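Nothing here was measured: the structure is a model prediction, and the numbers come from that model. The sequence lines fix the lettering, A, B, ..., with proteins before strands; numbering per chain opens at 1.
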There are 2 protein chains.
Amino acid sequence: MTGASNRSVERAFRIVDELAENGGGRVSELADRLEMPVSTVHNYLQALVETGYVSVDDKEYTTTTRFLEVGHRQRHRLEVFQAVSDELQDIAAETGEHVTLMVEENDQCVIVAVQEGPDAVNLFAYPGARMPLHAAAPGKAILAHMPDDRVQEIIDRQGLIEMTNQTITDPDVLFDQLEEIREQGYAIDEGERIAGMVCISAPVLDKSDEIRGAICVCGPQSRIDEARRAEIADIVKRSANVTQVNLDYV
Amino acid sequence: MTGASNRSVERAFRIVDELAENGGGRVSELADRLEMPVSTVHNYLQALVETGYVSVDDKEYTTTTRFLEVGHRQRHRLEVFQAVSDELQDIAAETGEHVTLMVEENDQCVIVAVQEGPDAVNLFAYPGARMPLHAAAPGKAILAHMPDDRVQEIIDRQGLIEMTNQTITDPDVLFDQLEEIREQGYAIDEGERIAGMVCISAPVLDKSDEIRGAICVCGPQSRIDEARRAEIADIVKRSANVTQVNLDYV
DNA sequence: AATTTCATTCGGGAGAGCCGAAACACTTCT
DNA sequence: AGAAGTGTTTCGGCTCTCCCGAATGAAATT
């Protein structure tokens, strides 16, 4: 855990991040943004091209499909992803809304899979997208099934960043809600991450009650009234349960 | 184009490749396989963890969802992927088979998107998966719309590797087929990559007649007779055409 | 308790990466 | 055309960083 680092590795991935962020770039442009000498950036890009993870076409450098490949291979091995199988598609068809499978990684809530129902609003949601745990229904569902001290550690490290004026920023309020989530078996967020959106999410636990992820349905508040919420809550709870059972057979 | 390399970058990605290949690994295991000193591998893993692209849980190192993220962001910016929009899904529903969008990258044929129809056989096909251009219908469709000298370069660099006893390994035969593909507007492969599978694919060209990718339907030979092939050929040609038109509006 | 296996830390030496400067390739002015 | 501007690529010597053997620490196994 000492900072046994490696400058080259760090820089290489900073360049990759920058390429991903802007969908590619040229030598001097990147050198500018990263505040590195052009020749250095040039060297790195050359090295990255040799690895096959970056390619260059007419001086424009971009990441390659290698990232897709590595990402999908890893996802394919993720048990909860295998266990959820067709559930997301079924929920999307049944609710018409935007459905996601999410997991925790490095103190954050990450989308693993997305399925858009016929009426889904266009969210900027793609596999790998990250968000704070406290500001989203699936994140809260996940936190609710972690030990309290682990939750506290995450709060200490990450803080409770405000994403909308509805975001929970008070630890006490958060802990109270986590208690409530455990009782009712699902989490709900009313514009806490994106104004005007309501998300309903159920946690997926394994047989040792370890939290593995959460299934989440998102839609505009206008379309999802009290009765519809209860309906969706039942659906996500049912699917989370099916997924839990499937976990034993992956 | 000089070998302006960087050992650290190369090694870092070799480790990533190894992790992706085996779905994770431990220090000494990786050191063994990569023939590097354990302490060195340890240092690299440490550095990779710091970048966020690798994570460690109880001494087991794995790639993180960062790869998914970078991969999906890049894919989202790929024009042909945007242009194909719901076509893959439509074809999958219509044919019931396995449908893919493929592009050329670094002399290879890469899957960009997959859609499985209700009767699809279970292929080991995921976004980012790679295969030789000459041994698959989409690859041949792509080659057919490259300048001949570029095709020759690819043959020179990559060879015509035999994947089944049906694979084309003679350049002359290949060039003849490419001519035929250009005439009929689609490519077909009969167990040239996977024994017992037939794949039918149409090229997607942009308005400058530049090749952008290919749409492909795969299924077992037993289920796809002469008449069905003609039917599927029409479908992929139609979709490729729709995609071409969409290319102007992305 | 002893033994094996594996992860982690340490540190001195060597070689690898670093980056300024110069050369080169292309555009866009005057 | 020529000149000036913009950005990429090559070069090379100095320095600093990565490298890896060896020692230590931590766990599992006998």
Side-chain angles (χ1 to χ4, degrees), chain A residues 1-64 74 105-106 153 208 210, chain B residues 1-64 77 105-106 153 208 210:
Chain A
M1 275 299 132
T2 45
S5 197
N6 176 319
R7 178 154 68 146
S8 297
V9 174
E10 188 211 314
R11 289 178 152 197
F13 280 96
R14 268 180 64 209
I15 290 174
V16 167
D17 283 340
E18 199 59 34
L19 288 174
E21 192 77 34
N22 300 84
R26 329 189 102 228
V27 176
S28 57
E29 185 190 333
L30 292 163
D32 236 36
R33 252 203 291 272
L34 298 169
E35 296 183 358
M36 293 189 203
V38 273
S39 55
T40 303
V41 173
H42 180 259
N43 278 346
Y44 273 96
L45 286 170
Q46 217 70 347
L48 284 166
V49 168
E50 257 168 47
T51 66
Y53 280 83
V54 167
S55 75
V56 53
D57 185 41
D58 194 33
K59 320 211 157 170
E60 178 78 18
Y61 291 84
T62 48
T63 55
T64 68
Q74 185 243 342
E105 183 182 274
N106 290 329
E153 277 170 33
S208 339
E210 211 68 52
Chain B
M1 274 303 130
T2 45
S5 196
N6 176 318
R7 179 153 70 146
S8 298
V9 173
E10 187 212 315
R11 288 177 151 196
F13 280 96
R14 267 179 65 209
I15 290 174
V16 167
D17 283 340
E18 199 60 34
L19 288 173
E21 192 78 31
N22 301 83
R26 328 187 103 229
V27 177
S28 55
E29 185 189 333
L30 292 164
D32 236 36
R33 253 203 289 273
L34 297 170
E35 297 182 356
M36 294 189 202
V38 273
S39 54
T40 303
V41 173
H42 181 259
N43 278 346
Y44 274 97
L45 286 170
Q46 219 69 349
L48 285 166
V49 168
E50 258 168 44
T51 65
Y53 280 84
V54 167
S55 76
V56 54
D57 185 42
D58 194 32
K59 327 218 149 163
E60 178 78 18
Y61 292 83
T62 47
T63 55
T64 69
R77 285 184 222 259
E105 183 182 275
N106 289 329
E153 276 170 35
S208 338
E210 211 67 53

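Within the 3.5 Å criterion, the main-chain N or O of B:L34 finds a donor-acceptor partner in the side chain of B:R14. A donor-acceptor pair under 3.5 Å links the side-chain atoms of A:T64 to the main chain of A:G52, judged by distance alone.
A distance of 12.5 Å separates CG in B:N22 from OG1 in B:T62, rounded to the nearest 0.5 Å.
The nearest pair of heavy atoms linking A:S8 to B:N6 is OG-ND2, 3.7 Å. Scanning all heavy atoms of the two residues, the minimum distance from A:V9 to B:A12 falls at CG2-CB, 3.9 Å. B:L19 approaches B:Y61 most closely through the heavy-atom pair CD2-O, 3.5 Å. Of all the heavy atoms in B:S28 and B:V38, the pair that sits closest is CA-CG1, 3.8 Å.
Between A:L45 atom CG and D:dT9 atom P there is a gap of 9 Å when expressed in whole angstrom units. Rounded to whole angstrom, the span from the CD atom of A:E35 across to the P atom of C:dC19 amounts to 13 Å. A:E50 has its CD atom 11 Å from the P atom of C:dG17, to the nearest Å. Distance CD (A:E10) to P (C:dG17): 15 Å, rounded to an integer number of Å. Atom CD in A:Q46 sits about 17 Å away from atom C1' in C:dA16, given to the nearest Å. Computed from coordinates, the B:D58 CG to C:dC6 P distance equals 15 Å when rounded to whole Å.
At least one side-chain nitrogen or oxygen of A:H42 sits closer than 4.0 Å to the OP1 or OP2 atom of D:dT9.
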Contact letters for nucleotides 15-22 of chain D, in which S counts primed atoms plus P, OP1 and OP2 and B counts the base, heavy atoms under 4.0 Å: --SSSBB-
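In this structure, A:Y44 has its ring center no closer than 6.0 Å to that of A:F13.
The bend of the helix from C:dA1-D:dT30 to C:dT30-D:dA1, defined by the angle between the axes of its first five and last five pairs, stands at 40° to the nearest 10°.
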